[in-house]
Structure formats: C-alpha cells, structure tokens
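Read through the structure below, which is laid out as structure tokens, and then see the notes.
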Amino acid sequence: MISSIKFIIIIVLLVCVMIWYCKSKKNTLNIIAIVISVLVLVSLLNSDFEKKLVRYDSPEEAFQQVTTDSSITKILKTDNSAFILYKSGSDNSYMYLDNVNGKWKIPFKNDNYASTHLGVGGILSIYKETSTNNYYVALIVNTNDDEIIDSKNQVFEECNTRQSFAFFRYFVAFIEDVDENYYININNQKIYLKDLILKI
C-alpha cells in the first residue's frame with residue numbers, strides 16, 4: 001500500500017512538471033525551476049515520507065510496516081500515543097506514535113525528542129507526547145547496581161534486552177504532568193528534565 005501511494009504521488013507530480021514544461025517559455029528561470037522539480041521527485045523516490053502519511057490500526061502494525069529485521073522489546077501505550085522500544089540487530093532503538101481518532105501514525109516532524117549522556121555510556125532520552133505535558137523517558141545505564149528513582153515515585157520498567165556480553169540495562173517510563181521541578185535520580189545524581197525540555 002505504501003509503495004503504491006508513493007508511486008501515485010510521484011506520477012501526479014511528474015505529469016504536473018511535464019505540463020508546466022510544455023506550456024512555459026524556455027527561459028533560464030523556468031529551466032532552473034524544472035531542474036529543482038526533478039530533484040525533488042528524485043528525493044521523494046529515495047525517502048520514506050509516505051510512511052508518515054499512512055495511519056495504522058495498531059502500534060504493532062505501524063512498527064511492522066516501517067521496520068525490517070526488527071523485533072519489539074516493549075510497548076508503552078496511552079489513549080493518545082505509544083512508545084516502542086525495539087531491537088534491530090545488536091542495536092536498540094525507539095519509535096514514537098500518535099493516536100489520531102483511533103488510528104496510529106508517525107509524526108511528520110520528529111521534533112519532540114531530546115537526549116543527553118549520563119557518564120560513561122549512559123543515555124537519557126525523552127519523547128514529548130503531542131499536545132500534552134507528558135513524556136516518555138528512556139534510560140540506558142551501564143552497571144548492574146544503578147538505583148533509579150524520580151520525584152514522582154514512578155516505576156521505571158526494565159526491558160529485557162541484555163545479552164551475556166552486554167554491559168547496559170534499558171529502562172522506560174511514561175511520566176504525566178512533568179513540571180520544572182521534576183527530576184530523575186540515578187545513583188544519587190539528580191537530573192532535571194527541564195534542561196532537556198528546553199531543547200525540544
């Protein structure tokens with residue numbers, strides 16, 4: 001379905017460019033405009049823009065349509081959004097989805113995300129739920145004895161992604177109504193989300 005959407009859009013744009021070329025005067029400005037149009041068409045052929053136009057019946061369906069050779073490790077889901085931690089090869093990645101009138105879609109602009117490093121190898125990432133003050137928080141910590149607590153006494157779920165040779169642990173949580181006083185405490189190191197939120 002996705003490939004057919006891309007094909008139809010590109011054919012329509014190509015027909016428009018050809019009609020415009022045939023009707024326009026062959027001056028330098030028009031030729032430049034046509035060259036730019038062709039370049040845009042080529043970039044569309046190599047992009048995944050259509051995946052962000054399609055709406056899916058479930059987060060799992062969206063994941064299956066837009067990834068290859070990947071497996072879901074954990075899904076956090078609310079009425080408005082979903083957050084997927086997944087494994088692709090030896091790497092772990094995240095996917096955020098919005099629920100729009102009962103259908104799931106990937107945001108067209110990926111500007112609801114920020115991250116920071118935590119010491120040696122650790123990473124804290126946040127994903128803002130669209131039109132709310134709620135956040136998905138993902139933590140990668142690099143020892144077996146990390147203590148993770150926050151100012152709301154939220155439970156951070158550990159995701160079972162470890163292998164015998166791995167040194168990292170993965171945690172995720174959904175935090176509602178985050179304000180400037182919210183913090184996460186990792187091994188007695190307080191990290192305020194407000195510093196990351198400013199980057200979104």
Side-chain angles (χ1 to χ4, degrees), residues 51-52 56 58-64 66-99 104-163 165-200:
K51 293 177 182 176
K52 297 182 178 181
Y56 305 93
S58 68
E60 293 84 356
E61 182 188 1
F63 175 81
Q64 291 167 0
V66 302
T67 62
T68 55
D69 299 324
S70 302
S71 59
I72 294 174
T73 303
K74 181 74 179 177
I75 297 180
L76 299 181
K77 187 163 59 173
T78 72
D79 290 339
N80 302 314
S81 63
F83 183 73
I84 301 174
L85 169 64
Y86 66 96
K87 195 168 187 64
S88 180
S90 60
D91 297 323
N92 290 282
S93 299
Y94 309 109
M95 178 184 293
Y96 173 85
L97 300 163
D98 282 317
N99 186 351
W104 298 89
K105 68 183 293 290
I106 301 169
F108 199 77
K109 289 181 65 181
N110 190 20
D111 56 0
N112 63 338
Y113 160 81
S115 67
T116 187
H117 290 281
L118 306 171
V120 182
I123 299 175
L124 165 63
S125 303
I126 61 171
Y127 291 75
K128 185 178 188 298
E129 186 180 58
T130 303
S131 302
T132 72
N133 219 21
N134 306 330
Y135 289 82
Y136 291 96
V137 178
L139 284 164
I140 302 173
V141 293
N142 63 342
T143 65
N144 288 324
D145 59 352
D146 288 284
E147 181 184 17
I148 302 171
I149 57 176
D150 73 351
S151 56
K152 288 179 174 283
N153 295 317
Q154 177 71 43
V155 174
F156 284 78
E157 297 184 59
E158 183 169 7
C159 302
N160 186 20
T161 64
R162 281 188 287 175
Q163 299 172 343
F165 56 85
F167 296 98
F168 298 101
R169 299 167 70 191
Y170 295 80
F171 294 87
V172 292
F174 178 70
I175 315 295
E176 296 183 81
D177 299 320
V178 171
D179 59 25
E180 63 179 12
N181 297 316
Y182 176 80
Y183 65 84
I184 299 171
N185 191 324
I186 305 173
N187 288 340
N188 296 317
Q189 176 190 1
K190 284 186 180 180
I191 302 166
Y192 286 86
L193 249 62
K194 64 181 181 181
D195 299 327
L196 272 180
I197 291 171
L198 291 174
K199 298 179 182 179
I200 296 179

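All heavy atoms count here, side chains included; hydrogens, waters and symmetry mates do not.
Judged purely by atom type and a 3.5 angstrom limit, N185 has no side-chain atom pairing as donor or acceptor with the backbone of I149. Between the side chain of S88 and the main chain of D91, no donor-acceptor pair closer than 3.5 Å is present.
With contacts defined as side-chain heavy-atom distances shorter than 4.5 Å, the pair V172/C159 qualifies. Using a 4.5 Å heavy-atom threshold, the side chains of I184 and L193 count as touching. Looking at heavy atoms from C-beta onward, M95 lies in side-chain contact with T67 at the 4.5 angstrom threshold. Inter-residue side-chain proximity for L76 and E157 is flagged as met; some heavy-atom pair is nearer than 4.5 Å. Within the 4.5 Å cutoff, no side-chain heavy atoms of N99 are placed close to those of D79. At a threshold of 4.5 Å between non-hydrogen side-chain atoms, the residues I75 and E60 count as touching.
We find the NZ-CG distance between K194 and D179 to be 10.0 Å, quoted to the nearest 0.5 Å. Between L124 atom CG and I186 atom CD1 the span is 6.0 Å, to the nearest 0.5 Å. Note: K128 NZ to N133 CG = 6.0 Å, rounded to the nearest 0.5 Å. Note: S71 OG to Q64 CD = 11.5 Å, rounded to the nearest 0.5 Å. Note that OG of S93 is 9.5 Å distant from NZ of K87, once rounded to the nearest 0.5 Å. Atom CG of N92 sits about 5.5 Å away from atom CG of L85, to the nearest 0.5 Å.
Checked against F63 for a ring pair (Phe, Tyr, Trp, His ring centres under 6.0 Å), the options W104, F83, Y86 give a single hit: Y86. Exactly one residue among Y136, F156, Y96, Y127 makes a ring pair (Phe, Tyr, Trp, His ring centres under 6.0 Å) with F174. That residue is Y136.
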Check against side-chain contact (heavy atoms from CB on, under 4.5 Å), I197 and Y135: CA-CA 10 Å; I197 291 171; Y135 289 82; 3.4 Å; yes
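Looking only at atom types and distance, the side chain of S115 has a donor-acceptor partner in the side chain of Y113 under 3.5 Å away.
Closest non-hydrogen pair, Y182 versus D150, comes out as OH-OD2, 2.6 Å. Contact between A114 and L196 at its shortest, heavy atoms only, is CB-O, 3.7 Å. In plain terms, the two heavy atoms of I123 and L118 that are nearest each other are C-CD1, 3.8 Å. What you find for N181 and S151 is that their closest heavy atoms are O-OG, 4.0 Å. Here the closest heavy-atom approach between residue P107 and residue L97 is recorded as CD-CA, 4.5 Å. Looking at every heavy atom in both residues, V178 comes nearest to I175 through CG2-CG2, 3.6 Å.
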